[in-house]
Amino acid sequence: MSDLPKTYTPRDVEGPIYERWLAADVFAPDGTGSTADPALPPFTIIQPPPNVTGSLHLGHAQRTAVEDLMIRHARMRGHRTLFLPGLDHASIAAQFVLDGILAREGESRQSLGREAYLERMRAFSDSTKPVMLGQQRRVGASADWGRLRYTMDEVSAKAVRVAFERLYRDGLAYRTEALVNWCPGCRTSVSDLEVVSTPETGTLWSVRYHLIDEGSGALDPDPGATITVATTRPETILGDTAVAVHPDDDRYRALVGRRVRIPFVDRDVRVIADDVVDRAFGTGAVKITPAHDPDDYATGKRHDLPAPTILADDATVADTGTRYDGLDRYEARRRIVDALRERGDLAGERPHEMVIGRCQRSNDVLEPRLKTQWFIRTAPLAARALEATRSGRTRILPEFFEKTWEHWLTDIRDWNVSRQLWWGHRIPAWYCADGHVTVSADPSGPATCDGCDRPADQLTQDPDIFDTWFSSGLWPFSTLGWPDATPDLATYYPTSVMETGYDIIFFWVARMMMLGLQLTDREPFHTVYLSGLIRDPEGQKMSKTKGNVVDPLGVIDETGADALRFALIHGAAPGQDQRFGVTKLENARNFANKLWNATRFVVGSRPPTIPADATRRVPDPAHLGPAERWIRSRASATVAEVDAAMADHAFAEVTRVLYDAIWNEFCDWGLEFAKVHLADESLPTATREATWWTLVEALDTYLRLLHPVMPFVTEALWEAIPRRPTDPALLIVSRWPAPSGRDERIEAEVGSLLELIRGLRNARAAAGVEASAWLETEIAVPQSMGATFEALRPAVERLARAKPIERRLTREALHEDRPGRPPGALTVIVGDLEAVAHRAVAADDASHELERGRLERELAAARGYLDAARARLADRAFMEKAPPAIVDGARAREAELAEQVARLEDRLRG
RNA sequence: GGGCGGUUAGCUCAGUCGGUCAGAGCGCCUCGCUUACACCGAGGAUGUCACUGGUUCGAGUCCAGUACCGCCCACCA
């Protein structure tokens with residue numbers, strides 16, 4: 001036990017608490033402070049590693065809060081818990097960031113060269129690394145920092161090499177020339193997932209291609225002998241190798257097989273028939289540029305067309321032998337359009353709504369182009385991933401994401417994994433002069449060529465690196481030491497829960513699942529918990545360009561990590577975005593403050609007969625009054641509710657249940673009841689002690705239940721209350737509470753007394769009674785509730801400001817002496833209970849009307865309900881078809897309402 | 001073009017198995033410096049549960065359709 005400062009200052013609480021956890025070594029499953037039960041299965045969460053060069057945003061904070069919540073819960077339930085933290089090298093994202101910094105220095109990737117650039121990147125990421133990790137700690141992540149992993153460390157590197165070698169051996173990785181998404185800004189290919197489809201208004205140009213006279217082989221002398229094609233990218237004319245029409249299109253039937261001359265390059269190409277052509281679109285004739293359009297590429301394959309590439313890596317026109325060589329693609333486009341117009345071959349132009357693929361990273365317009373690249377064959381991997389979710393071995397939460405999952409994995413295309421970048425894992429493939437491919441997981445490379453036994457010094461390693469998601473895809477097992485058979489891998493794999501944002505379900509979750517199943521033969525996780533995204537109060541995505549990004553560290557400084565965590569978890573429905581603003585945060589902060597002060601009260605109200613350093617005593621049942629039994633019963637109910645919510649992964653519900661239980665039950669009523677006993681020195685010591693121990697016990701339960709959500713403040717407060725002899729020194733490793741049983745009768749009796757108190761307060765306020773006035777009150781309490789009432793009489797008096805209270809056994813008794821009753825009485829009816837509070841006011845006082853009005857409103861409402869209840873009972877269909885329990889309930893309700901209406905009517909007559 | 005999610009108080013959102021489910025927080029109004037807490041306490045007002053049909057004794061809740069908002073996927077030049 002220790003003293004609590006009067007004011008709750010999160011900053012003062014959180015730092016030292018985290019240090020104590022670290023010092024006690026309680027984060028690691030095998031740490032010296034662990035109290036785990038080795039008989040229970042371990043619980044593992046692999047944290048989605050944030051980008052090493054990124055900055056922590058609210059999304060990270062929410063991830064961390066939810067993961068840490070699950071981990072702390074599992075830890076308190078006695079599981080060995082592994083919360084493995086990490087960082088991702090984030091190849092393209094990191095390069096994008098660094099390139100921006102270099103650009104401001106007047107340097108560039110190219111100007112530095114590969115080695116210097118990588119050196120710079122290592123230094124840069126080394127500088128951001130501690131920042132990212134520090135932020136995680138501020139949020140309170142109880143992660144095992146000793147197992148911190150990084151996708152660029154040697155263990156990961158080895159995993160990448162071995163994974164790729166196995167995939168290659170199994171025929172699941174292959175190298176081929178294919179049309180890929182090329183980003184001219186990043187100078188690399190990107191996967192289909194990194195293409196952002198952007199609707200834009202472009203221009204659809206119609207261009208006349210002149211037919212060749214088949215006899216002479218020269219241009220048809222008839223200037224009208226043309227075929228008009230439609231295009232949105234005129235510069236690709238330079239790469240055309242055919243014109244296609246639909247085979248059933250009568251307009252062009254005669255032209256199929258004829259040749260046309262492609263302008264500028266003066267290439268003569270065939271008119272071909274292919275049913276990809278949509279006759280209704282444009283002119284019904286399509287220019288075919290196999291090297292720069294996916295459709296055209298497929299058409300080219302079918303018709304065996306050449307596929308000249310006309311763009312360089314920086315998207316300037318190249319190798320066309322025209323004067324457009326060297327020009328940027330858009331400059332070339334303008335000039336080509338101008339030239340066509342001059343020649344009279346521009347048949348038309350009109351605005352055109354279309355979808356443009358842009359680079360997720362740089363926002364550049366992507367160019368489809370031919371490149372020789374490594375691909376992962378995804379169909380067989382996706383089939384296994386689908387099987388895992390269909391069989392239920394891996395569960396996706398929320399369930400509705402399973403459809404998205406199914407859809408994507410069903411139509412999946414092969415994964416282009418090579419990147420023409422520098423920061424990342426180099427592809428462990430070597431080529432010899434004959435083009436043989438050798439893939440080797442050996443860190444020093446292959447000894448000889450697989451194809452021709454040429455020695456290593458005659459082999460060249462592929463300059464490309466892997467898509468960053470390739471190493472991320474191995475994360476659940478590479479972090480545990482795979483491919484080596486480490487004890488960690490044996491113990492903690494497959495992992496328990498994969499928590500991440502739904503925005504990377506394909507990028508990451510699907511890849512982990514596919515690679516995990518293929519390489520380890522196990523589902524990498526049992527549950528996928530998909531979080532929603534954090535938006536600003538207007539529902540906008542947070543982004544740097546919008547300037548609406550909230551820095552979690554600022555929030556933590558201001559209101560504490562506990563408040564931030566509570567607020568984030570409170571608003572988190574799985575898969576559902578949440579708007580986040582200051583009011584939620586303030587609400588959470590107020591709650592922490594409330595808890596702080598409630599604990600301060602409990603600690604401060606310790607009866608002097610109990611020593612400050614007492615160990616916990618179970619309250620003596622003989623001395624428990626109804627208030628104490630009510631407090632215990634409600635705490636037990638809360639445990640059960642929290643357990644149910646946790647079992648459903650309904651974390652927001654957990655916060656709601658606890659907020660309500662702690663604030664609206666424990667503080668509003670529990671503490672108020674207890675104050676009466678604790679302050680009453682005429683009571684036996686044992687009674688007052690029992691009351692206090694009851695408060696301590698309930699508070700202890702609530703602090704435990706709340707700890708996974710608000711770890712710091714609960715740990716600090718728990719330290720201030722007496723511990724059980726069996727408790728460890730720290731709440732974080734204490735045991736999760738078990739429900740201790742409900743007392744239904746007490747809950748009902750005390751519950752109706754609470755209602756009565758509320759009713760009296762309501763009546764007083766409605767009648768304009770001074771808040772400080774004590775009203776002489778008569779209360780009818782049936783014999784069955786007598787003991788409970790008598791025990792709580794002082795509390796009822798105090799809370800309803802009703803004193804003295806005269807008790808009657810029946811309502812009739814209450815009304816017998818009506819004639820003698822002073823005017824202005826307030827009446828409250830709650831079930832079997834009825835109270836009449838008297839006040840001395842003149843007969844002509846206007847407040848009589850207020851009371852009358854209140855009773856009339858109550859009566860009207862009761863009559864409304866009664867009518868509805870009677871209508872239901874009069875409905876033969878309802879009586880015949882509704883289950884008996886419902887009918888009985890309706891009858892009871894009707895009787896109760898009828899009674900209440902009668903009472904109110906009676907009261908209003910009097 | 002497919003698919004998913006959302007629509008409940010002024011705002012942000014809960015609402016499980018169809019039956020006390022018309023709820024919370026914030027905001028608003030009226031009181032209150034009652035020795036845990038003014039980051040507080042007491043009380044109060046506010047709803048066509050988007051719309052239309054259907055199923056049912058009974059529908060925010062289940063079904064079908066519509067509208068609007070958001071997101072994801074998709075090779076029409």
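So you know, we letter chains A, B, ... as the sequences are listed, proteins then strands, and number each from 1. In what follows, every heavy atom counts, from backbone to side chain, and hydrogens, waters and symmetry copies are set aside. On a predicted model such as this, the values are computed, not experimentally measured, just so you know.
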Item to complete: Please lay out, stage by stage, how A:Leu533 and A:Lys541 fare under the test side-chain contact (heavy atoms from CB on, under 4.5 Å).
Response: CA-CA 8 Å; A:Leu533 274 29; A:Lys541 232 176 202 165; 4.0 Å; yes

Fill in: Same-atom distance (C1') from B:G25 to B:A9, integer angstrom
12 Å

Fill in: Minimum side-chain heavy-atom gap A:Ser531-A:Gln62 below 4.5 Å
yes

Worksheet entry | Rounded C1' spacing from B:C49 to B:G23 in Å | 12 Å

Item to complete: Give one of base, sugar-phosphate or nothing for A:Arg413, where a contact means two heavy atoms less than 4.0 Å apart.
Response: sugar-phosphate

Item to complete: Using the closest heavy atom to pick a nucleotide of RNA chain B for each, name whichever of A:Glu672 or A:Thr583 lands nearer the 5' end.
Response: A:Thr583

Fill in: Rounded distance in Å - CG (A:Leu850) to P (B:G44)
15 Å

Worksheet entry | Rounded P spacing from B:G18 to B:A59 in Å | 14 Å

Practice prompt. Taking atom C1' in both B:U34 and B:C29, compute the distance separating them and give it to the nearest angstrom.
Written response: 23 Å

Discussion item. Below 4.0 angstrom, which residues in residues 235-247 of chain A have at least one non-hydrogen atom near RNA chain B?
Written reply: none

Discussion item. Within the 4.0 Å heavy-atom criterion, would you say A:Arg758 contacts the bases, only the backbone, or no part of the nucleic acid?
Written reply: sugar-phosphate

Discussion item. Under 4.0 Å, counting only non-hydrogen atoms across every strand here, what does A:His570 touch: a base, just sugar-phosphate, or nothing?
Written reply: nothing

Discussion item. If we check side chain to side chain donor-acceptor pair (under 3.5 Å) with A:Thr236, which of these qualifies: A:Glu367, A:His292, A:Lys287, A:Arg329?
Written reply: A:Lys287

Worksheet, complete the sentence: Between A:Phe506 and the options A:Trp408, A:Trp405, A:Phe401, the ring pair (Phe, Tyr, Trp, His ring centres under 6.0 Å) test singles out A:Trp408

Worksheet, complete the sentence: Across every strand shown, the nucleotide meeting Watson-Crick or G-U wobble geometry with B:U46 (both distances under 3.5 Å) is none

Discussion item. OP1 or OP2 of B:C40 versus the side-chain N and O atoms of A:Asn590: is any pair under 4.0 Å?
Written reply: yes

Practice prompt. Would you indicate, yes or no, if B:U12 has its OP1 or OP2 atom less than 4.0 angstrom from a side-chain nitrogen or oxygen of A:Arg579?
Written response: yes

Discussion item. Return the pairing partner of B:C76 with a 3.5 Å limit on both distances, Watson-Crick or G-U wobble; otherwise return none.
Written reply: none

Practice prompt. Write down the partner of B:C26 under the Watson-Crick or G-U wobble criteria, each distance required to be under 3.5 Å.
Written response: B:G10

Discussion item. Looking at A:Arg761, I'd like to know whether one of its side-chain N or O atoms comes within less than 4.0 Å of OP1 or OP2 on B:G41.
Written reply: no

Worksheet item: Reckon A:Gln576 touches a base, only the sugar-phosphate, or nothing at all at heavy-atom distances under 4.0 Å?
Response: sugar-phosphate

Discussion item. Would you measure the distance from the P atom in B:C4 across to the matching atom in B:G27 and give it in whole Å?
Written reply: 39 Å

Worksheet item: C1' atom, B:G15 versus B:U61: distance in rounded Å?
Response: 9 Å

Worksheet entry | Aromatic ring pairing A:Phe591/A:Trp663, orientation class (parallel under 30°, perpendicular over 60°, tilted between) | parallel

Worksheet item: So, is A:Asn762 close to the B:G44 phosphate, meaning a side-chain N or O under 4.0 Å from OP1 or OP2?
Response: yes

Fill in: Minimum-distance pair of heavy atoms, taken over all atoms of A:Gln360 and A:Val196
CA-CG2, 3.6 Å

Practice prompt. Name the nucleic acid region contacted by A:Lys287, choosing base, sugar-phosphate or nothing; use a 4.0 angstrom heavy-atom cut-off, strictly under.
Written response: nothing

Worksheet, complete the sentence: Atom CG of A:Leu699 and atom C1' of B:C37 are separated, to the nearest Å, by 14 Å

Worksheet entry | Same-atom distance (P) from B:U48 to B:C11, integer angstrom | 12 Å

Worksheet, complete the sentence: Per the under-4.0 Å heavy-atom filter, residues of residues 401-411 of chain A near RNA chain B come out as A:Lys403, A:His407

Fill in: Residue whose nearest RNA chain B nucleotide is more 5′ - A:Trp669 or A:Phe281
A:Trp669

Worksheet entry | Spacing between A:Leu585 atom CG and B:C13 atom C1', to the nearest angstrom | 17 Å

Worksheet item: Please give, in whole Å, the distance from B:U16 P to A:His649 NE2?
Response: 19 Å

Worksheet item: Parallel, tilted or perpendicular: which describes the rings of A:Phe673 and A:Trp669, with under 30° parallel and over 60° perpendicular?
Response: tilted

Fill in: C1' gap between B:U66 and B:G6, integer Å
16 Å

Worksheet item: Which nucleotide, in any strand shown, forms a Watson-Crick or G-U wobble pair with B:A64, with both distances under 3.5 Å?
Response: B:U52

Worksheet item: Can you check whether A:Thr241 reaches A:Pro290 side chain to side chain, under 4.5 Å on heavy atoms?
Response: yes

Fill in: Nucleotide opposite B:C39 in a Watson-Crick or G-U pair, distances under 3.5 Å
none

